[in-house]
Amino acid sequence: MKLRSIIIWTAVALVGAAGWAVLALSRGEDVNAVWLLAAALGSYAIAYRFYARFIVRKVLGADDRRATPAERLDNGIDYHVTDRRILFGHHFAAIAGAGPLVGPVLAAQMGFLPGTIWIVAGVIFAGAVQDMVILFFSMRRNGRSLGQMARDEIGPVGGAAALVAVFAIMIILLAVLALVVVNALAQSPWGVFSIAMTIPIALFMGFYLRVIRPGRVVETTVIGVALLLLAIVAGGWVQDSSWAPFFTLSPSALALWLIAYGFVAAVLPVWMLLAPRDYLSTFMKIGTIALIAIGIAVTMPTLKTPAFTDFAFNGEGPVFAGSLFPFVFIIIACGALSGFHALISSGTTPKMIQKESQVRMIGYGSMLMESFVAVMAITAACVLTPGLYFAMNSPAGVVGATVESAAQAVTNLGFVITPEQLSAAAEAVQEETLIARTGGAPTLAVGISQIFSGFLGGAGWQAFWYHFAIMFEALFILTTVDAGTRVGRFMLQDTIGNVWKPVSRVSWWPGLIVTSAVVVAAWGYFLYQGVNDPLGGINQLFPLFGIANQLLAAVALTVATTLLIKSGRLKWAWVTAIPLAWDAAVTLTASWQKVFSPDPTLGFFSQRDRYQTALDQGQLLAPAKSVGEMEQIVINSTVDGVLAALFAILIIVVILDALRVWIRVIRSGETLPTAEAPFEESKILAPAGLIATREERAMMAKASPDG
């Protein structure tokens with residue numbers, strides 16, 4: 001390494017270390033949010049430069065001479081060689097959904113420090129590693145889905161358990177992602193109009209780039225971003241116009257529209273809607289997150305939330321029940337470690353990547369970007385006063401429906417806020433009320449609006465920035481729903497294809513349409529039930545979402561570890577085995593508590609028994625207002641408990657069957673055959689990173705016809 005590089009990376013390390021030192025050692029005094037920013041960015045830079053590079057070169061052995069499935073199997077529908085910049089945008093947009101926005105906001109209940117440590121350390125050693133390794137191995141297997149790789153590489157028993165678990169978990173994940181969109185957009189004509197306009201804009205971009213002006217990426221980007229900004233501004237006009245009632249949708253209506261959209265997005269060719277829409281939304285996502293970081297650096301807000309709250313230790317928080325271990329690691333799923341990402345990394349992305357070396361930028365780099373989103377989310381939540389935070393995130397059964405009842409309830413929790421302060425906070429963002437606005441999205445929007453108005457427009461612009469943030473969150477999440485639905489369709493096609501071969505062909509339209517309809521109907525059921533759940537769908541489903549997501553990560557890390565061991569890389573298996581051991585310990589502990597805890601605020605079955613007993617005695621328990629709502633709570637709690645138990649059992653089966661394979665390889669001392677596709681020489685030259693190096697530019701110039 002050159003002296004200049006040594007100096008630069010030493011400085012980066014010192015910045016990160018200083019940030020962590022201030023966060024960890026501050027007790028009782030005010031902590032500036034800038035230190036949180038420094039700790040995260042310094043850690044990410046070191047991890048990407050050194051750890052990710054080590055894994056790509058030493059552990060995986062990426063080879064750019066080998067043709068990727070996008071090059072070998074290009075069919076213009078799912079397999080399609082895609083510019084690395086567009087693919088980075090698509091992949092980031094697909095993985096960055098509700099989790100990095102909502103999870104950290106909810107986890108702020110326990111203080112800023114535990115969540116921040118998990119977000120940064122988790123992504124470096126677990127989340128980004130999983131994404132990159134699964135992307136690499138799926139790419140080597142023609143874009144095989146995670147469940148199918150488990151079946152091919154572990155065996156029929158573990159593979160069957162993985163296929164069932166992955167598909168069932170996927171349905172829950174998509175339902176919760178869609179539910180957060182509904183919570184953010186309900187009764188918001190501004191948000192609904194702006195989000196709806198991204199669909200025709202993306203279709204225009206897809207045709208422009210493929211038919212009208214092929215290959216003009218920069219030109220298409222400029223047009224698309226301009227149209228997107230116009231759609232955001234026009235949303236404000238629509239909200240104040242006679243069109244507003246048409247775009248003012250109830251939660252149930254929004255759920256039905258989302259179900260219809262999910263089906264259409266899953267069957268259209270990837271170049272037509274999915275890739276350009278995700279690429280387009282990425283500019284807004286990354287731009288907004290960068291703007292938040294700039295806002296923090298400029299305004300230097302103080303973190304109002306303490307490093308730890310009492311709820312971290314007593315497990316009695318009003319936002320979600322459970323102690324710091326294991327529930328911080330469950331509530332903050334995306335942003336640190338997310339099994340959902342493994343579905344994208346073994347779904348759309350490996351069918352589109354140009355070169356093997358690009359897995360570092362697209363797999364590891366995209367996950368670091370999502371982790372930074374989570375850091376910005378927990379920062380935005382923690383710059384609010386704890387009183388406002390708990391008034392917004394506690395359910396209506398705790399804080400009531402008036403500013404007086406909310407102020408009293410929050411004071412009883414140990415945080416002071418007056419009715420006048422609650423009214424003023426709602427007035428500042430032009431909302432009728434901010435009480436019991438659960439789900440995390442409104443809280444994040446208030447935090448973002450305070451940061452932005454501090455350096456862009458002043459207090460008078462806070463309402464504008466609040467509604468901008470709501471729209472930004474919905475756009476952020478919706479791109480994950482459409483990509484996730486397509487991945488669910490791939491998984492179902494792979495599974496049924498084991499019995500009936502034609503269905504596994506991604507180009508066979510009857511199979512494509514039927515499997516897409518099945519996937520959408522499945523997550524649509526849970527979405528509609530969540531929208532109408534008396535206990536609040538997000539309060540019921542988000543813990544299950546977190547457990548399911550992290551159990552899915554256990555499947556992915558098990559598959560990755562198995563492939564490393566089977567392919568003769570036993571000495572490097574610790575790269576995925578250590579995060580697997582941690583993830584299994586956390587998620588199985590959380591599953592046990594959610595299934596068997598006698599506390600009805602924590603255990604699904606104890607909650608079911610409480611409401612069933614009341615029903616048998618002819619009583620109504622808040623927040624239910626009718627016998628029908630009581631019965632719905634009983635059904636939903638039962639289904640959630642059964643699913644939590646089923647997921648845990650299936651994952652245990654997968655891990656135990658994989659252990660059998662590991663022991664067999666270690667004892668024999670030989671490698672086992674894998675389902676890797678045969679080597680084929682690549683004819684494509686492309687840079688490995690976002691910006692081509694001098695050597696890469698020279699190589700491409702030499703190979704070009706004009707070179």
Side-chain angles (χ1 to χ4, degrees), residues 55 59-60 122 125-138 140-141 144-170 173 329-330 333 336-347 350 363 367 491 494-495 547-591 646-666 671-672 674-676:
I55 294 173
V59 179
L60 300 178
F125 297 108
V129 172
Q130 172 209 255
D131 291 14
M132 179 172 65
V133 174
I134 290 296
L135 173 58
F136 178 83
F137 282 132
S138 177
R140 283 278 178 102
R141 285 155 183 78
R144 282 290 206 184
S145 68
L146 178 63
Q148 190 63 36
M149 283 198 294
R151 185 180 183 277
D152 292 341
E153 306 296 349
I154 295 176
V157 176
L163 282 168
V164 174
V166 169
F167 185 73
I169 289 171
M170 180 73 173
L173 300 188
F329 310 101
I330 294 301
L337 171 64
S338 171
F340 175 79
H341 296 185
L343 303 182
I344 304 298
S345 292
S346 62
M367 184 52 183
M491 291 162 49
D494 274 350
T495 303
I547 290 171
N549 198 22
Q550 302 303 67
L551 287 173
L552 189 54
V555 173
L557 290 167
T558 301
V559 170
T561 305
T562 302
L563 283 167
L564 288 174
I565 293 172
K566 286 181 69 175
S567 59
R569 301 177 175 103
L570 177 61
K571 68 176 180 179
W572 303 124
W574 59 267
V575 170
T576 53
I578 292 175
L580 168 61
W582 169 256
D583 182 47
V586 167
T587 47
L588 293 177
T589 301
S591 299
L646 175 65
F647 293 160
I649 291 169
L650 289 171
I651 268 59
I652 290 171
V653 170
V654 173
I655 293 174
L656 289 177
D657 203 28
L659 274 171
R660 174 187 59 81
V661 176
W662 302 352
I663 293 170
R664 180 183 165 195
V665 175
I666 292 169
T671 61
L672 292 179
T674 69
E676 184 171 292

Q: Any non-hydrogen side-chain atom of Leu588 less than 4.5 Å from a side-chain atom of Ile652?
A: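 In short, these two side chains touch, coming nearer than 4.5 Å.
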Q: Specify the closest pair of heavy atoms between Pro350 and Ile344, including all atoms of both residues, with the distance to one decimal.
A: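 So the two residues come closest at CD-O, 3.7 Å.
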Q: Within a strict 4.5 Å, meaning less than it, do heavy atoms of the Val129 and Ile55 side chains meet?
A: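 Result yes, sub-4.5 Å side-chain heavy-atom pair found.
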Q: May I ask you to decide if Asp131's main-chain N or O and Ser345's side chain share a donor-acceptor pair within less than 3.5 Å?
A: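 Yes; at least one donor-acceptor contact below 3.5 Å.
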Q: Compare every heavy atom of Ser591 with every heavy atom of Leu551, then report the nearest pair and how far apart it is.
A: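 Heavy atoms only, the tightest pair is CD1-OG, 3.9 Å.
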Q: What's the shortest heavy-atom distance between Ala342 and Leu146, and which atoms?
A: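 So the two residues come closest at CB-CD2, 4.1 Å.
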Q: Exactly one of Leu557, Asp657, Val661, Val665 should register a side-chain contact (heavy atoms from CB on, under 4.5 Å) with Thr562. Which one does?
A: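 Among Leu557, Asp657, Val661, Val665, the one that satisfies the side-chain contact (heavy atoms from CB on, under 4.5 Å) with Thr562 is Val661.
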Q: Over all heavy atoms of both residues, which pair between Thr558 and Ala658 is shortest? Give the atoms and the distance, please.
A: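 Closest approach of Thr558 to Ala658, heavy atoms only: CG2-CB, 3.3 Å.
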Q: Taking the side chain as everything from C-beta on, heavy atoms only, tell me whether Pro579 gets closer than 4.5 Å to Leu337.
A: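 A side-chain contact is absent here, since even the closest heavy-atom pair is not under 4.5 Å.
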Q: What is the distance from atom CH2 of Trp582 to atom OG1 of Thr587, rounded to the nearest 0.5 Å?
A: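 The OG1 atom of Thr587 is 10.5 Å from CH2 of Trp582, to the nearest 0.5 Å.
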Q: With rounding to the nearest 0.5 Å, note down the distance linking CD1 in Ile578 to CG in Asp583.
A: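 Between atom CD1 of Ile578 and atom CG of Asp583 there are 13.5 Å.
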Q: Show the nearest heavy-atom pair for residues Ala560 and Thr576, with the distance to one decimal.
A: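 So the two residues come closest at CB-CG2, 3.9 Å.
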Q: Side-chain contact, heavy-atom cut-off 4.5 Å: Leu659 with Trp662?
A: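 Touching, per the 4.5 Å side-chain cut-off.
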Q: Taking Asn549 for its side chain and Ser338 for its backbone only, find out whether a donor-acceptor pair lies under 3.5 Å.
A: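 Side chain of Asn549 to backbone of Ser338: no pair is present.
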Q: Which is it for Phe647 and Ile169 under the side-chain contact (heavy atoms from CB on, under 4.5 Å) test, yes or no, and what are the steps along the way?
A: CA-CA 7 Å; Phe647 293 160; Ile169 289 171; 3.8 Å; yes
Q: Run Ile134 and Met149 through side-chain contact (heavy atoms from CB on, under 4.5 Å) and show every step you take.
A: CA-CA 10 Å; Ile134 290 296; Met149 283 198 294; 4.2 Å; yes
Q: Going by side-chain hydrogen bond (donor to acceptor under 3.5 Å, both in side chains), Thr674 matches just one of Lys566, Glu153, Arg141. Which one?
A: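 Passing option: Arg141.
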Q: Can you tell if the side chain of Phe137 reaches within under 4.5 Å of the side chain of Leu564, non-hydrogen atoms only?
A: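 Yes, side chains in contact.
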Q: What's the verdict on side-chain contact (heavy atoms from CB on, under 4.5 Å) for Ile154 and Val654, showing C-alpha distance, side-chain angles and the deciding distance?
A: CA-CA 8 Å; Ile154 295 176; Val654 173; 4.1 Å; yes
Q: Is Ser567 reaching over with its side chain to a backbone N or O of Leu563, donor-acceptor style, under 3.5 angstrom?
A: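 Judged by distance alone, yes, a pair lies under 3.5 Å.
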Q: In terms of side-chain geometry, is the basic nitrogen of Asp152 or Arg144 positioned less than 4.0 Å from the acidic oxygen of its partner?
A: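 So Asp152 pairs with Arg144 through a salt bridge.
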Q: Once rounded to the nearest 0.5 Å, what's the spacing between atom OG1 of Thr561 and atom CD1 of Ile655?
A: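 The OG1 atom of Thr561 sits 9.5 Å away from the CD1 atom of Ile655.
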Q: For the pair Gln550 (side chain) and Phe329 (backbone), establish whether a donor and an acceptor sit closer than 3.5 Å, ignoring hydrogens and angles.
A: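 Looks like yes, one N/O pair under 3.5 Å.
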Q: With rounding to the nearest 0.5 angstrom, report the CE to CE distance, Met367 to Met132.
A: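 Met367 CE to Met132 CE: 12.5 Å, rounded to 0.5 Å.
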Q: Show the nearest heavy-atom pair for residues Ala150 and Val559, with the distance to one decimal.
A: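 Scanning both residues completely, I find the closest heavy atoms to be CB-CG2, 3.8 Å.
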